[in-house]
Every structure is written in C-alpha cells, then in structure tokens.
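See below for the structure under consideration.
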Protein chains: 2
Amino acid sequence: MAQPTIDSENTVKSVETSFHIVEYLKDVDGARVTEVADALGIAKSTVHRHLVTLVEIGCVVKEGDIYDVGFRFLEFGEYAKTRKAAYAMAEEKVKELAAKTEERAQFLVEEHGQSVFVYRETGRNAVQTDPGIGKRVPIHASAAGKAILAHLPTEEVREIIDQHGLVALTEHTITDPDALFAELEEIRERGYALNNQENIDSLRAVGVPVLGNNDQVIGSLSVSGPTHRFKGQYVEREIPDLLLGTANELELNIKYS
Amino acid sequence: MAQPTIDSENTVKSVETSFHIVEYLKDVDGARVTEVADALGIAKSTVHRHLVTLVEIGCVVKEGDIYDVGFRFLEFGEYAKTRKAAYAMAEEKVKELAAKTEERAQFLVEEHGQSVFVYRETGRNAVQTDPGIGKRVPIHASAAGKAILAHLPTEEVREIIDQHGLVALTEHTITDPDALFAELEEIRERGYALNNQENIDSLRAVGVPVLGNNDQVIGSLSVSGPTHRFKGQYVEREIPDLLLGTANELELNIKYS
DNA sequence: GCAGGCTGTTCGACAATGAGAAACATTATA
DNA sequence: TATAATGTTTCTCATTGTCGAACAGCCTGC
C-alpha cells in the first residue's frame, strides 16, 4: 500500500477474474475446473466458486464436468444490438447490401478504440467464413474502421493510436500515424474508405460512415470481397456509390424516426 | 454465522452484483450511477466501481454519464450459439422452415429449466414482433418447450416444476403437474407438441424435439402463428409433417458430422 | 453571475468476503 | 480392488470490496 496511486485501479477484481474464466472457456471451447485453474494460475477452489456463481446467473453451463459459455450472453448481446434504433435499422441495410452486391456486407461500430462487427450478411458470391459477429478487430486496418476514424475528433483518434498502436496485420497495413492521418483526410474528402489487403491478404473492402444527429459517427457500413473481383470501376465507383446511397438512406431513417 | 449450511451459498457475491447492475441497465435502457444505486440499494461508490470495471472489460459502455450494455456480450452470445455443431446446423433449418411456411420458426434450447430462443426467423406471413433471441420463457407453456420436456427424464421435469412452478400465462396454460405429465406422454406418442394459446392469446404453435446421440434432447424446432390460420389440417398434419421431416434431417446431420 | 442543489468521482476505514491450502468425496482406471 | 485423478467442501487469513463522507463539476434558478 505504499503506492496508493498505482495500486488503486479502482476496479472489482473478482468480476475481472470471473470474466477471464468465461473468456478462457470460450477460447478452449469448454473446460474443467482444474484446467481453468492451471491455465489462469488460480486456486482450484477459487475457480470452482466462480464457476458455481456463473452457472447460477446463467452465464456458464455445466455439462458433466465440463463448463462452457451459457446462453445468458445472448440476451444481453441481442439487447446491445438493438438498443439504439439506428443499430436495428442498420441490419436491414446490411441485408440489402449483401443481396444487391452478392458480396459480404457488414455494419461495424467503434467501442474501446476497436471496431466491433454488429451485423454481417454474406451474399451468394461471398466466401463463407465464420460470421464473427461481436468480434473485435483493429480499427485502423479495415475500410469500415477507417471510415469511422475519419469522422472522430482528431484527439480521440490519437488516443486510440496511443492505446492500441498501429499493429501490422499484413504488409499493407498502415502503421505510421502520419500516413494514417493523411489517409483519413483523404477519406473525408472522397466520402468513402478503401481497404487494400490491410487486414487480410487478397481481400479488399469499401467502407462508408453512418452519421447521426449533429454529425456524430454511429458506425459504418462496408462491403468486402476478393482482390480478383474487387478492382477497377467496381471497387472505385459501383460499390462506393451503392454504399453512399445506402448510408444516406440509413441516415435519413435515423434522423426522422 | 450460526448457520454454516444456509449462509454458505458458495458464491462470489461481487460477480452477482455486477450482473444485477448489467441486468438493470438492460431493463431500463441505460442508467446513471445514482439511479442504479438507488434502484438496487447499493452505495453509489460501489456501483461506480462496478461500472468502471465493467466498462474496462467491455461489458458496459459509458455515453456521457449514462451507462448501458456493451457489445462484449455479443461475442460470447454468438459463441454460445455456435459452440455446438448441432446449434449451428439448426440455424439453417429454422430459415428453411420460415421460408417454406412463411410463418415464424424458431429453435429453442433448455437451460436452467427454462427455454431459450436461440434462432428465430420470421417468414413473410408472420407477425413482425420483437425477435427476442436469447429471451427465456417458461418451458411448460410453449410447443417447443413441451417437446423438450417430453424427452427429458421424468425426474428432471419434476425438478423443473419444483423450481419454476407452472405459472399461468393465459387461461389455457397447463398449471396442473398431472395434466402436464399426461400431455407429455401424449406428445411422446404423437411425436410432436401443440400449443393452443397457452403462451399468448390467439397464438398457436407446433413443436418437435431434436434428439442427438443416445437420444438426448438437444433442443426443439417450432413454428407458430395466429389461431385463425393455425387450424384444421394445416396445424394437425401439414406443419407437423414438415417439422418432423426437418427435425429428422437435422438429426441425421448431427449424427453424421 | 452567483448560490444551491444536483450530479459523478475519489478517499479512507472497517469488516465482510474472496482466496488459497488442504481435507474430503467421487469417479475413472489399471 | 486399489490407486490416481478429478470435483467439491471446509477452514482460516488477509485481501479487497463496501460504505459513508468528502470533493469536484455541472446545471438551474433566482
């Protein structure tokens, strides 16, 4: 207690450990008490108590001796997805985009300096991948993320960079802050963002911001696909035009509802 | 501490209070510190600390002075929905059912003696209601729930009744245990369950169990619609036949995968 | 523009309560 | 059947959550 400033971190540690336990269960697809205890370096009895608590509130299910993530999260997750009218309306637009382009379309939101997939729909052409709703990805390495960043106050962008850094996911990822700021400026002028394999190799994407009242950015819509199809007019005119039109409709829906 | 047996309840109380806080935020669509403190009868400072913790782990977002449920839950909820191959395969079947019948189709699972909506799809004809994924409903008052109960060990059914009771949701709800057991027997013989306004007035539904290896019940598929359409051959033959066929396909998929 | 009453946030002290070690119970295995 | 692994319970200690009160910011209303 000699460092009252450092140790404070005014935070409930038991809640954090419970969270870490659930996270671990998710990562390894269910586990037994001792496994969790060993992996997280916590006493067996402690883990057990946390698991009993989590089972009681429905966040964890016990199947034999294996504990795994329960359905309670679904309830809260679905609530988060629809608690703002804007989010709920975005879902339709994502479906529309996927149907029209036959590619993969998604709606993302910024949270904690990262971008979160809130809705995703895969059109016929799209590669069938893990939907990954709720997944978090670095915000600087996607079209949707950059579209959001471009409409966030510069100061906030700086904070996000400080906190998360500009990690390289491929050789195309923007890792220099100045380069990123220049790109954001360009995005603002052009109206849409492009992602050229900055996230995953041979994957391109186009993203546009969705602005609410007083021009605050709510999230962004994006469409992504393979480089061999995402090129030329298609990625520089057709997709951006469609996205901008859709975002505009969505913004109007949001404003007058 | 004179009652070491009663008070034990070997459970992490901080985790429970954090959970209650999040639950409250959901129920009232976001709230400020003092509001939560007053509502739950906890000190302001305590609530604050919990909220700070929850924000840190991403379960709660702070917008101005209002705290609300965050997107972290989405990640875990989506995981819960797909952690078993059977669940993921059920999604397609639900879509299929909704498309074929144009009614509302859903896949439910039992957890903690209640039934949880895991997937729901609304066909063109279906009344557009709140999707309610993740919502929990009394298991004895729906076709899907009864279909599950019918394939659970009698002892377990008894436990569920003891724990949750047979609350009446409409005047048609089965509230007598013996009547319920008789109904479950009938369901087993007939192969499918019917819900005649036991849940919501003027709503009927048909449900069939989905059985996994060694005939353990995994969940159930159901189709629901208004009484004026759900009658005669449609509800007694067409829908049940379609459901039984679909469940059978699903069971085969599950067994050989 | 200033005072008063709201908030959210921080601080400090006490004691409740969560953590861990070890005993116990239970299952699976050889 | 015995042995080893697990899950569960018990117990003690001090960590750490709780509360009340003080502090700081904001808006309201005079």
Side-chain angles (χ1 to χ4, degrees), chain A residues 1-25 28-57 59-70 155 159 214, chain B residues 1-25 28-57 59-70 155 159 214:
Chain A
M1 314 302 156
Q3 322 99 308
T5 332
I6 290 178
D7 103 315
S8 58
E9 263 284 31
N10 224 11
T11 176
V12 186
K13 294 199 181 170
S14 325
V15 174
E16 288 177 359
T17 57
S18 256
F19 180 74
H20 288 138
I21 289 173
V22 176
E23 220 171 14
Y24 180 77
L25 292 180
V28 303
D29 248 304
R32 17 190 41 185
V33 175
T34 28
E35 193 189 333
V36 177
D38 290 348
L40 302 183
I42 316 175
K44 254 197 320 182
S45 53
T46 305
V47 171
H48 181 255
R49 197 147 24 108
H50 276 271
L51 286 172
V52 168
T53 310
L54 290 164
V55 166
E56 202 175 66
I57 61 181
C59 289
V60 163
V61 262
K62 186 182 179 186
E63 294 174 336
D65 283 337
I66 305 283
Y67 292 86
D68 206 343
V69 178
E155 198 196 336
E159 271 174 37
N214 59 15
Chain B
M1 317 305 154
Q3 324 96 308
T5 333
I6 290 177
D7 103 315
S8 57
E9 261 286 32
N10 223 12
T11 177
V12 186
K13 294 200 180 169
S14 329
V15 175
E16 287 176 0
T17 58
S18 256
F19 180 73
H20 288 138
I21 290 172
V22 176
E23 219 171 14
Y24 180 78
L25 292 180
V28 302
D29 247 304
R32 15 192 44 189
V33 175
T34 28
E35 193 190 333
V36 177
D38 290 348
L40 303 183
I42 316 174
K44 254 197 320 182
S45 52
T46 306
V47 171
H48 182 255
R49 206 142 64 93
H50 276 272
L51 286 172
V52 168
T53 311
L54 290 164
V55 166
E56 203 175 66
I57 61 181
C59 289
V60 164
V61 264
K62 187 183 179 184
E63 294 174 337
D65 282 338
I66 305 283
Y67 293 85
D68 207 342
V69 178
E155 199 196 337
E159 271 175 37
N214 60 13

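We use all heavy atoms of the structure for the numbers below, so side chains are in, but hydrogens, waters and symmetry mates are not. Within every chain, numbering begins at 1; the chains are lettered A, B, ... in the order of the sequence lines, protein sequences first and strands thereafter.
- B:Ala31 and B:Val36 get closest at one heavy-atom pair: CB-CG2, 3.8 Å.
- Taking only side-chain nitrogens and oxygens, B:Thr34 never comes nearer than 4.0 Å to OP1 or OP2 of C:dC6.
- Contact between the side-chain N/O atoms of B:Arg32 and the OP1/OP2 oxygens of C:dG8 is found at a separation under 4.0 Å.
- Distances shorter than 4.0 Å separate some side-chain N or O of A:His48 from OP1 or OP2 on D:dT8.
- Rounded to an integer number of Å, the gap from B:Asp38 CG to D:dG20 C1' is 15 Å.
- The phosphate of C:dG20 has neither OP1 nor OP2 within less than 4.0 Å of any side-chain N or O from A:Ser45.
- Proximity note for B:Ser14 (side chain, C-beta onward) versus D:dG17, C:dT9, C:dA19: the nearest is D:dG17.
- Between A:Lys62 and B:Lys44, it is A:Lys62 whose nearest contact on DNA chain D lies nearer the 5' terminus.
- Distance A:Lys13 NZ to C:dA19 P: 11 Å, rounded to the nearest Å.
- There is a side-chain donor-acceptor pair under 3.5 Å between A:Glu16 and A:Thr11.
- A:Val12 approaches B:Ser14 most closely through the heavy-atom pair CG1-CB, 3.9 Å.
- Base-pairing analysis of DNA chain C finds the following stems of at least three consecutive Watson-Crick or G-U pairs, with both pairing distances under 3.5 Å: C:1-30 with D:1-30.
- In terms of phosphate contacts, B:Tyr67 brings a side-chain nitrogen or oxygen within less than 4.0 Å of OP1 or OP2 of C:dT9.
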